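The next block holds one structure in the form of structure tokens; read it before the comments.
Below, read A as the first sequence line, B as the second, and so on, with proteins coming before strands; counting in each chain starts at 1. Computed from a prediction, not measured in an experiment: that's the story for all the values here. Scope of the values below: all heavy atoms of this structure, side chains included, with no hydrogens, waters or symmetry mates.
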Number of protein chains: 2
Amino acid sequence: MARPTIADIADRAGVSKGAVSFALNGRPGVSDATRARILAIAEQLSWRPHSAARALGASRVDSVGLVIARPARTLGVEPFFAHLVSGLQSGLSAHSISLQLLIVEDTEAEIEVYHRWHSEHRVDGVILVDLTVRDPRIDELKALELPAVVIGGRGGKGALPSVWASDRDAMLAVVEYLAALGHRRIAHVAGTPNFQHTQRRMRALRDAAPRLGLVDAPSLPTDFSDAEGAATTRKLLSQAVRPTAIVYDSDVMAVAGLGVAMEMGVSVPGELSIVAFDDSILTQLMHPALTALSRDTFEFGRQAAEVLLEVIAEPGTTINRRTADPVLTVRESTAPPS
Amino acid sequence: MARPTIADIADRAGVSKGAVSFALNGRPGVSDATRARILAIAEQLSWRPHSAARALGASRVDSVGLVIARPARTLGVEPFFAHLVSGLQSGLSAHSISLQLLIVEDTEAEIEVYHRWHSEHRVDGVILVDLTVRDPRIDELKALELPAVVIGGRGGKGALPSVWASDRDAMLAVVEYLAALGHRRIAHVAGTPNFQHTQRRMRALRDAAPRLGLVDAPSLPTDFSDAEGAATTRKLLSQAVRPTAIVYDSDVMAVAGLGVAMEMGVSVPGELSIVAFDDSILTQLMHPALTALSRDTFEFGRQAAEVLLEVIAEPGTTINRRTADPVLTVRESTAPPS
DNA sequence: TGCAGGAGCTATACCGGTTTATCACTTCAG
DNA sequence: CTGAAGTGATAAACCGGTATAGCTCCTGCA
């Protein structure tokens, strides 16, 4: 028999459809003996619920969504999303929830997707990444009453639930280490300034500068591309007085920066120390291998999944779960200044 | 009104549910005037079909699946999948079909997913990647009668529909170029030998060697990891008589190989030319930038989506669509041997 | 003995669409 | 003028589950 339905099971068990539904969902209404019999038959027929039928009846689809609004070409190289997605799936599959992934060009398209998903009942909730400063998505999602969890940005008051790690502490760990090595001129090649995490990192550096006795600690915004990472590095290294260390907001930019240093004959780590936010195979492939800030992105995703499921189960709850701080993995690209 | 249904539309239009369904799906049974009226009302109420309801009624879910069976850590760096997914989505979204993406550890888990998807009616069809030599997935999918399209491997007789580019021609383009530069000792750091594309590339090189007068043209299998790529390179460069050119089956391995060359003081491209199968930002970030074989992976995905939709619409049709050949992008890592 | 209450189950409505059988009405050929 | 075919619609069944009202026993207690 191809694709048995609960009616088939009901027939064989000699009970009603309703009883079968009760038994299969582990809810009261049938005796233990009957339940066992029904479960055995379901098992034997290798029955699986028809997802659409269940969705229609139970008005929940057992599926959550993730929209990534970045140009596809910048996506592949960063392991961040691949790891995040794996982690999400790991957290979701335990509850047999599936993940809808969509890559779009910009935030406008992203919001449109939320509207469509909502009106077509395609997801029970969504995960938000790359939070910007006054993020338009938050109000949209609230208006839609679509459960959502923000990744990476702590929600303020009345904000959405979130899963986050401290960008501030991460940046402090980096600059305190560099300062301890003796660096006093540290530059920061930042990401897009309208991302909240970029802002937080910039602020952390600015705040820490006086305490650490930094002479100069500029944060230079970029668009996260390797091209701008390289250009910014070139500018920094062309100054009369160069920074002795540069912190990059992504591994791709750090690699591009290393290339510029080599091209300009600036030795790393002899004349310049380099640190990358976000670790990946990229940083390890370089010569010298790059000192980097490693986060457990997989675990991040797992936790986000958990929180989202809680929010879906109990709409209105606001959870702000802080995850483990990133750790600084020191490799060959950092040393005391000469 | 929140989330209007076709019953609401039927009410306002003063017609039956059935008429509304006909009108909205562009099928005969209603007059043009009525159709226009219904469409206008649907538009005004911003109605969207409830995906589960439609799936239940029409026994099709407007969703296709892609399972990637690779350890998550090796995934992120290769832009291949990110571009493929983007391309797939681009081809699918035109028909309002969504993509289910799942990352699993191994083929066994992948097959299990197909069974689940099938019995839960979660997808109308699937995309297959990383075809192996006697791939167990093919028989499974045939048994399930789940429409499928193979990416990258041309199907033989009685095989599944496919979208492919010629690995053979690609490899020939590379070695013919290297031979033209004067190289006679060309090594090939290959991928996993049970992947069909690895086999085809190895065979292409072996076949072309005599014609091009190659003295030595070994293909050395690896597991596609940077570690084995490096180790294999180290072995090659430690031989008494070194190859003057190495072709790598992935960009990650090529980068690792470049690192080994630098570490061993072998100048690139002076003493060693390097070519990478698969182009990405990685190859461009290197110094020297790597000559690479670029494929339009996005377009690849788009075509795969098209073919899959055709197969779903007309099960049984076997399409083997060949896509544009990869082109060799020459950068700084190749030169005549010294 | 009568009745409340609960366990165990059935029958049925329902979710929001699609599909089919049927019907009224028009048109046109014979 | 009649019958056949076609058009534009309706009503109802259906997809495969879930949710709920209600029914039948059985038990316990007054």
Can you work out whether B:A19 or B:L56 has the more 5'-proximal nearest nucleotide on DNA chain C? B:L56
Is the shortest side-chain heavy-atom distance between A:V123 and A:Y114 below 4.5 Å? no
I need the CG-P distance between A:N25 and D:dG16, as an integer number of Å. 17 Å
Please work out if A:S59 contacts a base, only the sugar-phosphate, or nothing of the nucleic acid, heavy-atom cut-off 4.0 Å. nothing
Can a donor-acceptor pair under 3.5 Å be found between the side-chain atoms of A:K17 and the base atoms of D:dG17? yes
What is the nucleic acid contact for A:R27, judged by heavy atoms within less than 4.0 Å: base, sugar-phosphate only, or nothing? sugar-phosphate
Contact check, side chains of A:Q100 and B:L101, non-hydrogen atoms, under 4.5 Å: no
Measure from CZ on A:R48 to C1' on D:dG17 and round the result to the nearest Å. 16 Å
According to a strict under-4.0 Å criterion, is A:T5 in side-chain N/O contact with OP1 or OP2 of D:dC15? no
Between B:S21 and C:dG17, does any side-chain N or O lie under 4.0 Å from OP1 or OP2? no
What is the distance, to the nearest angstrom, from the CG atom on B:D62 to the C1' atom on C:dT18? 13 Å
Touch class at under 4.0 angstrom, heavy-atom based, for B:R35 against every strand present: nothing
For B:R35 and B:R27, indicate whether the former's side chain and the latter's backbone hold a donor-acceptor pair under 3.5 Å. yes
Between P on D:dG8 and CZ on B:F22, what's the gap in Å once rounded to a whole number? 13 Å
For the pair A:H83 and A:F300, evaluate side chain to side chain contact (heavy atoms under 4.5 Å, CB included) and give the outcome as yes or no after the intermediate values. CA-CA 9 Å; A:H83 290 175; A:F300 216 55; over 6 Å; no
B:S16 side-chain proximity, nearest of C:dT18, D:dT10, C:dC9: D:dT10
Name the residue closer to the 5' end of DNA chain D, choosing between B:A58 and B:G29 according to the nucleotide with the nearest heavy atom. B:G29
Can a side chain N or O of B:T34 be found less than 4.0 Å away from OP1 or OP2 on D:dA9? yes
Over all strands shown, is B:V20 touching base, sugar-phosphate only, or nothing at heavy-atom distances under 4.0 angstrom? nothing
Nearest whole angstrom, please: distance from the C1' of D:dC14 to the CD1 of A:I6. 15 Å
Output the distance between atom CD1 (B:I103) and atom CG (B:L66), rounded to the nearest 0.5 Å. 9.0 Å
Output the rounded distance in Å from CD1 (A:I9) to P (C:dC9). 16 Å
Whole angstroms only, please: what is the CH2-C1' distance between A:W47 and D:dT18? 11 Å
Atom-to-atom span, CG of A:D8 to C1' of D:dC15 - whole angstrom: 13 Å
Examine D:dG16: is either OP1 or OP2 under 4.0 Å from a nitrogen or oxygen in the side chain of A:R54? Give yes or no. no
Check this for me, if you would: do A:E105 and A:R70 make a salt bridge, where the nitrogen-to-carboxylate-oxygen distance has to be below 4.0 angstrom? no
Taking the minimum atom-to-atom distance to the side chain of A:S31, which one of C:dC9, D:dG17, C:dG17 wins? C:dC9
